[in-house]
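One structure is given below, encoded as structure tokens.
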Amino acid sequence: MKKLLVLPLLVTPWALSAHEADKDFDLGHWYIEGGYVASSLKDAQSTITFDSNANTCEDVIPQLLPGPLGCNAGSQSGVVLLFPSNQALGPGNAQTFETTYDDGSGYDVSLGYDFPGAFRLELNYADFDNDLEEVGGAQADDTLQSQLLMGNLWFDFNESGTVQPYLGLGLGAARLSLEEADDTVMVAQAGLGLNFALTDHVKINLGYRYFEGKDAEFSNSTTTYDTEYAGQRVSLGLRYDFLAEPPPPPDSDGDGVLDDKDQCPNTPRGVAVDPLGCPLDSDGDGVPDYQDKCPGTLPGTKVSADGCPLDSDGDGVIDAKDQCPRTEPGRKVLENGCESIVLEGVNFETNRSTLTPHAIQVCRSVADTLQRARDLEVELQGHTDSVGAAEYNQRLSQARAEAVRSCLIQNGVAASRLTARGYGEYQPVASNSSAEGRAKNRRTEMKITNN
């Protein structure tokens, strides 16, 4: 019994869903494919028609029909009586019978173009042979050779996946050869299959095709043999895609961050950027490093367009440290942005003008500051609280001011730049009614005198 070819290709729901995004880059490309073909032809109704040149059964059978077909032979074993008498061979007479085929094999090759999107066009050539199994019930030993040239249109699913189903239609021609006769007929086909992506360029194709053509006619000087032509074939092929190299992703400013991720698309060439494509701003002051003239700004400091801390009154002390932010233009100031400063930490032993060890350290620091600002002349002012006699407090404040001046001179500050004056209890900065207030009033100030 003739074996049928069956290809259990099940198109799963995920394969029938909307076509996924195309390949990584949306470019069409060529491909080639070649492989093995297994073929099966349908049982065919065949007709032989005789013309005026057919004289006897023996003139016809050996020429066109294979196998031990008999003439006027009765029902001998192994012989089929197709033509009961020579009278059946008159011009225009015909005999109809069934032809069956064995499964066959061959090869096919394809050249295709895969368009951007789901569709691809393909030119396919297939060559395969099928032996005749029986003709009119008699064993046959001839072969039908098929050469198909088809133009196919395929629709691909899941192109970005490893398994890529497809289906489509084709139209073309088949050149059929039997014995010494041949014919060319139009053929249409429908097919489906699976492409298995091994690499970006290489796929294995498992495909199924059902094809059907016009009836073929094989003729010689005495007869015309007309037969149906239809069948199916399975192919196993290897495909190579000629993929073009994708164009480089756009990076308009050349900073190494692609345009679709670049939040600062117009960065000047050569400027270091962060992962978002924005120029680096190491100190976080809002001014990129390549424009920042003051790169070490402390967090939270207000800066100008060039990245430097603001100095609104132009006295040389940034606003963040300026305790006197409205100094008149041209006035000299101390490190706090003012013309005077309380020397915090300059303390004395109780009721004496002797500096404590910590006060001596502060004095040295003040001396360093004055050495850096050699254009300044200052007055060292001593102040006390209101405890005790006013005259005593006056003498004590003067002695303490002198002690600070001496410390500064000992640490390198020119004496000509320094004056000392005690103000006693007469210039309080807080109420003397509380311990906290009295502590603020006991102080040493330094004030610029050459403004």
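Fair warning: this is a prediction, and the values are worked out from it, not measured in the lab.
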(message) Just to verify, which of Phe242, Tyr113, Tyr240, Phe115 counts as forming a ring pair (Phe, Tyr, Trp, His ring centres under 6.0 Å) with Trp30?
(response) Tyr113
(message) With rounding to the nearest 0.5 angstrom, report the OG to CG distance, Ser39 to Asp108.
(response) 11.0 Å
(request) Identify which one of Thr100, Asp43, Thr99 satisfies the side-chain contact (heavy atoms from CB on, under 4.5 Å) criterion when paired with Glu133. (result) Thr100
(request) State, with a plain yes or no, whether a side-chain heavy atom of Arg209 is found less than 4.5 Å away from one of Met150. (result) no
(message) What's the separation between atom SG in Cys278 and atom CG in Asp262, rounded to the nearest 0.5 Å?
(response) 6.5 Å
(request) Rounded to the nearest 0.5 Å, what's the gap from CD on Glu328 to CG on Asp315? Could you check? (result) 12.0 Å
(request) Among Asp102, Asp142, Leu144, Leu41, find the one that has a side-chain contact (heavy atoms from CB on, under 4.5 Å) with Asp131. (result) Asp102
(message) Under a 3.5 Å cutoff, is there a donor and acceptor pairing between the side chains of Thr47 and Asp226?
(response) no
(request) Using modelled atom types only, decide if a donor and an acceptor are shared between the side chain of Gln189 and the backbone of Leu171 within a distance under 3.5 Å. (result) no
(message) Has Thr267 got a side-chain atom pairing as donor or acceptor with Gly277's backbone, closer than 3.5 angstrom?
(response) yes
(message) side-chain contact (heavy atoms from CB on, under 4.5 Å), that's the test. Do Cys338 and Val333 meet it? Break it down for me.
(response) CA-CA 5 Å; Cys338 300; Val333 297; 5.9 Å; no
(message) Would you say that more than 12 heavy atoms from the other residues, nucleotides or ligands in this model lie under 6.0 Å from the CD of Glu122, or not?
(response) yes
(request) State whether Glu335 and Arg372 are salt-bridged, where the test is any N-O pair (Lys NZ or Arg NE/NH1/NH2 against Asp/Glu carboxylate O) under 4.0 Å. (result) yes
(message) With no hydrogens and no angle check, just 3.5 Å: does a side-chain donor-acceptor pair link Asp241 and His201?
(response) no
(message) Whether Glu339 and Arg331 form a salt bridge (side-chain N of Lys/Arg under 4.0 Å from carboxylate O of Asp/Glu) is what I want to check.
(response) yes
(request) Return yes if some donor-acceptor pair links the side-chain N/O of Asp183 with the main-chain N/O of Glu217 below 3.5 Å, else return no. (result) yes
(request) Could you tell me whether the side chain of Ser365 and the main chain of Gln361 form a donor-acceptor pair under 3.5 Å? (result) no
(message) Would Ser110 and Leu123 count as a side-chain contact (heavy atoms from CB on, under 4.5 Å) here? Give the steps.
(response) CA-CA 6 Å; Ser110 299; Leu123 183 65; over 6 Å; no
(message) Could you measure the distance from the CG atom of Leu178 to the CG atom of Leu176? Nearest 0.5 Å is fine.
(response) 9.0 Å
(request) Kindly compute the distance separating CD (Gln323) from CG (Asn336), expressed to the nearest 0.5 Å. (result) 4.5 Å
(request) Using distance alone, with no hydrogens and no angle criterion, decide if Gln232 and Tyr208 have a side-chain donor and acceptor under 3.5 Å apart. (result) yes
(message) For Asp114, is there an ion pair with Arg239 - N to carboxylate O distance below 4.0 angstrom?
(response) yes
(request) Please say whether more than 12 non-hydrogen atoms of neighbouring residues, nucleotides or ligands are located less than 6.0 Å from NZ in Lys214. (result) no
(request) For Asp182 and Gln145, test the side chains for any donor-to-acceptor distance below 3.5 angstrom and give the result as yes or no. (result) no
(request) Please test Asn124 against Leu148 for side-chain contact (heavy atoms from CB on, under 4.5 Å), starting from the C-alpha separation and ending with a verdict. (result) CA-CA 8 Å; Asn124 171 252; Leu148 276 65; 5.8 Å; no
(message) Testing the 3.5 Å rule here: is there a donor-acceptor pair between the side chains of Gln147 and Asp127?
(response) yes
(message) So does Glu377 get a backbone contact from the side chain of Thr449, meaning a donor-acceptor N/O pair under 3.5 Å?
(response) yes
(request) Would you check if there is a donor-acceptor pair between the side chains of Glu33 and Tyr31 at a distance under 3.5 Å? (result) no
(request) Would you check if the side chain of Thr297 reaches a backbone N or O of Gly307 as a donor-acceptor pair within less than 3.5 Å? (result) yes
(request) Please check if any side-chain donor atom of Asp319 sits under 3.5 Å from a side-chain acceptor atom of Ser312, or the reverse. (result) yes
(message) For Thr143 and Tyr101, which I'm curious about, is there any donor-acceptor pair between the side chains at under 3.5 Å?
(response) no
(message) Checking side chain to side chain donor-acceptor pair (under 3.5 Å) between Tyr166 and each of Asn205, Asn195, Asp156, which is the one that passes?
(response) Asn205
(message) I'd like to know whether Gln263 forms a side-chain contact (heavy atoms from CB on, under 4.5 Å) with Leu276, so could you lay out the CA-CA distance, the side-chain angles of the two residues, the decisive distance to 0.1 Å, and finally the verdict.
(response) CA-CA 6 Å; Gln263 296 185 11; Leu276 298 179; 3.7 Å; yes
(message) Would you compute the distance between atom CG of Asn441 and atom OG of Ser431 and round it to the nearest 0.5 angstrom?
(response) 8.0 Å
(message) Looking at Asp311 and Gly316, would you say the former's side chain and the latter's main chain have a donor-acceptor pair under 3.5 Å?
(response) yes
(message) With a 3.5 Å distance limit and no angle check, can you tell me whether Arg417 reaches the backbone of Leu376 through a side-chain donor-acceptor pair?
(response) yes
(request) Tell me yes or no: between the side chains of Ser146 and Tyr229, is some donor less than 3.5 Å from an acceptor? (result) yes
(message) Using only atom types and a distance under 3.5 Å, with no angle test, would you say the side chain of Asn450 pairs donor to acceptor with the backbone of Asp375?
(response) yes
